[in-house]
Amino acid sequence: MGSNIKITEVFKSHPVHIPIHKNFDFDSLQELPDSYDWIQPDSFPNSSLSNNHLSDSIPLIDLSLPNAPHLIGNAFRTWGAFQVINHGVPISLLHSIESSANSLFSLPAPHKLKAARPSDGISGYGLVRISSFFPKRMWSEGFTIVGSPLEHFRKLWPHDYTRYCDIVEEYDQEMKSLCGRLMWVALGELGITREDVNWAGPNGDFMTSNAATQFNSYPVCPDPERAMGLGAHTDTSLLTIVYQNNTRGLQVLREGNRWVTVEPVPGALVVQVGDLLHILTNGLYPSPVHQAVVNRTRKRLSVAYVFGPPESAEISPLKKLLGPTQPPLYRTVTWTEYLRKKAEHFNNALSSVRLCAPLTGLLDVNDHSQVKVG
Ligand SMILES: O=C(O)CCC(=O)C(=O)O
Ligand SMILES: [Fe+2]
């Protein structure tokens, strides 16, 4: 059981070594090196087939409107994602976190490497961990924050670190509270009340929940059709909230066969179901497969707030959602156990904790290649 393993320790048993060259500089490359060329037969559809009609993308929901809960329930059921405006997070804070991430990625490579993520660690600068599951390199760099970023920020900005720490801390609080609010709205739409969730804390405010803040930077790319910013995956979280700058790149897989771009909307946040909410809702809210593509002229930046339960919380399909024709589809997991499953099985992690195939015959989008029904 992984119930008493701290989130920061979770990868000690699954180190990944993804070398970053000290003087590697995306901006200086005029041609795409072969190690970044993704054009190959793939189980996922090619992103250039993506369909960009606004009417066919994840819904944009105004959280201040009375019918917002209903729209959120529908969006999660059909897409596992939506964009939200009037979410209560100050726009100035979104700009501050964007400029902090910008300033971090603009530091010279050897300087950034002072805050490199250790091969068995969770926090720090580097290529995203999921890189190790793909044969080619991703056209991106990342910085992960779990707990306090103080030690790393001190190395990155010896004179200025407190300012950046304050921004990250405020961002964490605002995002945690928005996640708590959205969790109850989304669960409420399924008839779930506070008594049904025993790990949300005494006030149901999820204050003992864990989270990670992930900065992603996608530099301009000389051959974007052949490159990939972040390969297709689902998130291990309960919920992920993505802030993206005004550059397209995030795509959600629709019906297992079509990539749909999430158009940037100023001030909006993208909310996605993670695998743990998928498990908790017994698949009623599917965790969407998504990826990030790159482009030739504009650098893209995103900040993903990856919200999960407390370390000891046991996540399993909620009893109220089960019945004679709705058996539990997944076994109980803690976040740390599931993060390890992901570290081992990556996109097959959800299938690896599956108990049986859905009776409806509908497959989860994220294990469409794994489970064959009837
Ligand atoms: O860059 C994006 O828009 C997506 C980032 C993402 O999916 C992640 O960090 O898990
Ligand atoms: Fe993601």
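Please read all numbers here as calculations on a predicted model, not as lab measurements. Counting starts at 1 for both ligands and their atoms, following the listed order.
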In this structure, is the centre-to-centre distance between the rings of Y161 and W157 below 6.0 Å? no
Measure from the Fe ion (ligand 2) to every N/O/S atom of H290 and report the name of the nearest one. NE2
Could you check whether R254 makes a cation-pi contact with W259, meaning its NZ or CZ is under 6.0 Å from the centre of the six-membered ring and within 45° of the ring axis? no
Take a 6.0 Å sphere around NE2 of H111 and say whether it holds more than 12 heavy atoms from other residues, nucleotides or ligands. yes
Please check if the number of heavy atoms outside K320 that lie under 6.0 Å from its NZ is greater than 12. yes
Will you find, in the side chains of D275 and T234, an N or O donor that is under 3.5 Å from an N or O acceptor? yes
Could you pull out the N/O contacts under 3.5 angstrom between ligand 1 and the surrounding protein atoms?
from     : atom 1 : to   : atom 2 : distance (Å)
ligand 1 : 1 (O)  : Y218 : OH     : 2.6
ligand 1 : 1 (O)  : R300 : NH1    : 3.1
ligand 1 : 1 (O)  : S302 : OG     : 2.7
ligand 1 : 3 (O)  : R300 : NH1    : 3.4
ligand 1 : 3 (O)  : R300 : NH2    : 2.8
ligand 1 : 7 (O)  : H233 : NE2    : 3.3
ligand 1 : 7 (O)  : H290 : NE2    : 3.0
ligand 1 : 9 (O)  : N216 : ND2    : 3.1
ligand 1 : 10 (O) : H233 : NE2    : 3.2
ligand 1 : 10 (O) : D235 : OD1    : 3.4

Working to the nearest 0.5 Å, report the span between CG of L104 and CD1 of I145. 8.0 Å
Run the salt bridge (charged side-chain N to carboxylate O under 4.0 Å, His left out) test against E169 and tell me which residues pass, sequence neighbours left out. none
Of all N/O/S atoms in D235, which lies nearest to the Fe ion (ligand 2)? OD1
